[in-house]
Amino acid sequence: MTAHHDVVIVGGGIAGASMATVLARNGVDVLVLEKTERFSDINRGEMMWPWGVGITRDLDLYDVLLGSGATVVPTLTRWNDGEATHVDLGAFVPGVDGTLNLAHPRARQALLDAARSAGADVRRGATMTGFSPGPPARVEWRDGETQRDAGARLVVGADGRASRLRRLAGIDLHAYPISHFATGLHVRGDGIPMDANVDVDQEEWMLLSFPQGNGYARVYHWFAASDRHRYAGRGAVERFLAASDVDRVPYDGAWSNAKAVGPIGTFPCGDAEADPVAPGVALIGDAGGYNNYQIGQGLSLAYADVASLSERLLETDEWTPESLTPYAEERRERLGRVRELARLNGIRTAGFRDEPERRRRIDELFEDEVFLKETGVGFFTGFAGMDVTAADLHDAVDAFERRIDRELTPMAP
């Protein structure tokens, strides 16, 4: 017999579990299908900028995350040529004192527990095998050896970048070129700064450290796409830690002497977009398109999806692609703005390996870009209260690229 629900959510990670919690708290009948029996380290999604933290407060999820062991980090310290710039992360969003840094597996579990406590029907080890848009929409799924199905007014896809639901619903994903690669490692060490997110700009690459309290941190190395095999093969962890002995910073051996407490992972950095709404389906989180990892907006964007879509679902009884168009349009514009931020960041760091002098000159040119520097605060605020569109940013970044080509042509490879 087919079970019927208001909403079936495919994927019980950050976005899916948060959506389930918000809807179930408001009396919506929710089924969550999560394919894993236990969440594991995936080497990303562990730091949230102030604007995203503010959304978790609005959704009444902030305390759930704090209860999972998340920690507030008040400062961003950027090191370039031995000089430090300190950014007060509590200055951007009222009531938010900094980034919220968390261990991804623990946060996912805490949110899924919150969804269950709110009344959602949560199934672990549940693998979706089929979808039809209806109405009503219908999801087929496998629980061990047992095949099951469920009907719903709406199926929400929160099953990540390789979303199976997106493919079954016939929604195309447009991926933009990869700008960089990154390698991440979960570490613990006595000297790692716990009161600041740290960005160390090396000549050929960049180190970022996001502390999680008690000596734990997620450390990333960002480097040119041409250097993607930097940490491939045997001895990768040892090479990563040795390289983390970065130059001209007062953290003597902080990362190079740390101990790895999780797997090492390398992944490409790029943007992608998809139409997040189709008959019987709405996509949230990375399933609906994603932002370049390099600027760390993924968690904030996921919570913004939850806030935007849940608001629409709770204010109307008509759940059709047409009625959900405001969500699709808001999301498209939001991802467009952060995509331009990522493109700008990619332009400024494009010379990681082959053109360090060109990269230095680009930074000098950037100092004259008043509009881009002013709107860059959207990195921390999510552009709240700012009258700037994705098209505005696109045009400004294009103009900056043309200026670079015009003024630095003799230095081009």
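Throughout, numbering of the chain's residues begins at 1 and tracks the sequence. In what follows, every heavy atom counts, from backbone to side chain, and hydrogens, waters and symmetry copies are set aside. Fair warning: this is a prediction, and the values are worked out from it, not measured in the lab.
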Asks: Going by the salt bridge (Lys or Arg N to Asp or Glu O under 4.0 Å) test, name the single residue among Arg358, Arg348, Lys373, Arg78 that passes it with Asp363.
Replies: Arg348
Asks: Does the pair Asp368/Arg403 count as a salt bridge with the N-to-O cut at 4.0 Å?
Replies: yes
Asks: Do Arg57 and Tyr303 meet the cation-pi criteria used here (NZ or CZ under 6.0 Å from the six-membered ring centre, within 45° of the axis)?
Replies: no
Asks: Quickly, which of Thr77, Asn101, Thr75 forms a side chain to side chain donor-acceptor pair (under 3.5 Å) with Asn197? Name it, please.
Replies: Asn101
Asks: Donor-acceptor pair, distance only, cut-off 3.5 Å: does the side chain of Trp79 make one with the backbone of Val198?
Replies: no
Asks: Is the closest basic N to carboxylate O distance between Arg339 and Asp271 below 4.0 Å?
Replies: no
Asks: Which residue is it: Phe181, Tyr220, Trp222, Phe267? I am looking for the one with a ring pair (Phe, Tyr, Trp, His ring centres under 6.0 Å) to Tyr293.
Replies: Phe267
Asks: Would you call Asp113 and Arg116 a salt bridge, using N to O less than 4.0 angstrom?
Replies: yes
Asks: Classify the angle between the aromatic ring planes of Phe240 and His221 as parallel (below 30°), tilted (30 to 60°) or perpendicular (above 60°).
Replies: parallel
Asks: Taking Thr36's backbone N and O only, do any of them form a donor-acceptor pair with Glu34's side chain (distance below 3.5 Å, no angle check)?
Replies: yes
Asks: Can a side-chain donor-acceptor contact be found between His229 and Thr266 if the only test is distance below 3.5 angstrom?
Replies: no
Asks: Are Arg343 and Asp398 ion-paired here, with the side-chain N under 4.0 Å from a carboxylate O?
Replies: yes
Asks: For atom CD of Glu83, decide whether the heavy atoms of other residues, nucleotides or ligands shown that lie under 6.0 angstrom number more than 12.
Replies: no
Asks: Does the structure place the NZ or CZ of Arg312 under 6.0 Å from the centre of the six-membered ring of Tyr327, at an angle of no more than 45° from the ring's axis?
Replies: no
Asks: Do Asn43 and Arg218 get their side chains close enough for a donor-acceptor pair, meaning under 3.5 Å?
Replies: yes
